[in-house]
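Just below is one structure, and these are the notes that go with it.
Whatever order the structure lists ligands and atoms in, that order sets their numbers, starting from 1. Position 1 is the first residue of the sequence; numbering continues from there.
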Amino acid sequence: MRMLVCLCAAIALAATSPALVQAQYEWTSSRPDGHAPIGVMGDHTHEHGEFMLSYRFMRMYMNGNLDGNDELDVSEIHRSFMVAPLDMTMTMHMAGLMYAPSDAVTLLVMTNWLDQSMNHRTRPGGMFEAASSGLGDTSLGALIGVKRTGPVRMHLNAGVSIPTGSIEETGVNPMSMGRAVQMPYPMQLGSGTWDFSPGVTVLGMNESVSWGLQARTVVRMGENSRGYTKGGQTDATFWFAVKPGDRLSLSARMLTRTWGNYSGHDEAYANPMMVPTVNEQRRGGTRMDLPLGFNLYFPDGALSGHRIAAEWHIPLYQNLQGPQLATDWMLTIGWQKSFAPLGHD
Ligand SMILES: [Cu+2]
């Protein structure tokens with residue numbers, strides 16, 4: 001009994017001794033891997049009064065069609081549909097602002113500009129391109145710290161997406177006889193609905209490596225003005241980063257994304273067998289990517305506080321409710337700059 005009391009006292013003493021507290025690494029954003037790989041949003045919080053500007057350039061290339069895991073060639077699609085999508089290029093310019101009104105809460109706003117084009121082949125053999133560009137949806141978010149000390153941190157992500165992106169994008173195609181008609185679902189620039197996006201992020205770090213995980217989902221609220229609702233989306237990602245120097249980290253990540261079919265129907269699409277991209281039941285899918293990236297961080301010098309990062313997605317697995325275009329690759333390049341609280345240095 002006496003020994004047990006001694007043991008408890010020893011453990012209590014050890015747990016509060018400065019030596020042990022020092023041995024526990026404190027997570028910090030002042031490292032190249034203090035931010036997640038650039039493709040992850042809402043990964044880090046800021047300290048009271050700090051704000052941050054960011055810009056991301058993203059390009060995604062989709063090529064060839066899948067139904068489930070099976071590749072479909074164009075002639076197979078033409079057995080059921082008048083028109084087959086061949087490939088699609090999507091470019092996104094995304095600007096972001098973060099601000100921390102307290103140590104516990106970081107607010108963020110992100111908006112983007114989209115530029116997208118899709119090539120098609122008709123059953124008789126003609127080729128045509130559909131293209132749209134403009135403002136996408138705007139998201140507002142709050143990151144709420146749950147665990148804000150120690151080597152492992154956790155925060156909750158709460159986001160709302162405002163439907164600033166157009167769902168009225170029209171274009172001329174070989175069947176429209178010179179008239180500009182509503183373009184297929186994936187050519188639209190926004191969801192048309194207010195979307196709610198809850199999530200959770202966990203970050204861990206020691207002297208030389210770091211890791212993180214994030215799970216997020218997008219819930220669409222109601223039906224948009226054209227009478228349909230885009231499918232929801234759930235992302236789960238895990239990453240690991242090593243730090244070969246004070247300015248550079250290298251990361252590997254796993255991303256699983258699942259997105260749903262649409263519900264409702266845009267009355268502009270008279271014939272669901274015209275092209276798979278106007279068919280609400282051929283929109284959903286699951287993808288697993290291996291994104292590889294680096295973060296560059298400048299702790300001092302002329303570029304002090306600036307970050308430059310890039311990430312390249314290699315799709316490992318895709319299962320699509322097709323025919324649907326498969327993702328070939330995706331690239332994200334980003335710049336970030338944090339600013340100290342106003343009135344401080
Ligand atoms: Cu930030």
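- Listed by chain and number, the residues in a salt bridge (Lys or Arg N to Asp or Glu O under 4.0 Å) with R247 are D300 (sequence neighbours excluded).
- The backbone N or O of H78 sits less than 3.5 Å from a side-chain atom of R123, completing a donor-acceptor pair.
- Below 30°, between 30° and 60°, or above 60°: for H44 and H35 the angle between ring planes is below 30°, a parallel geometry.
- Excluding waters, the set of protein N/O/S atoms under 2.8 Å from the Cu ion (ligand 1) reads H44 NE2, H46 NE2, M52 SD, M98 SD.
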Which is it for Y99 and H46 under the ring-ring contact (aromatic ring centres under 6.0 Å, His included) test, yes or no, and what are the steps along the way?
CA-CA 7 Å; Y99 172 71; H46 284 272; 9.5 Å; no
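- For the pair K230 and Y228, the cation-pi test (distance below 6.0 Å, angle within 45°) is failed.
- The backbone N or O of M92 sits nowhere less than 3.5 Å from a side-chain atom of Q116 that would complete a donor-acceptor pair.
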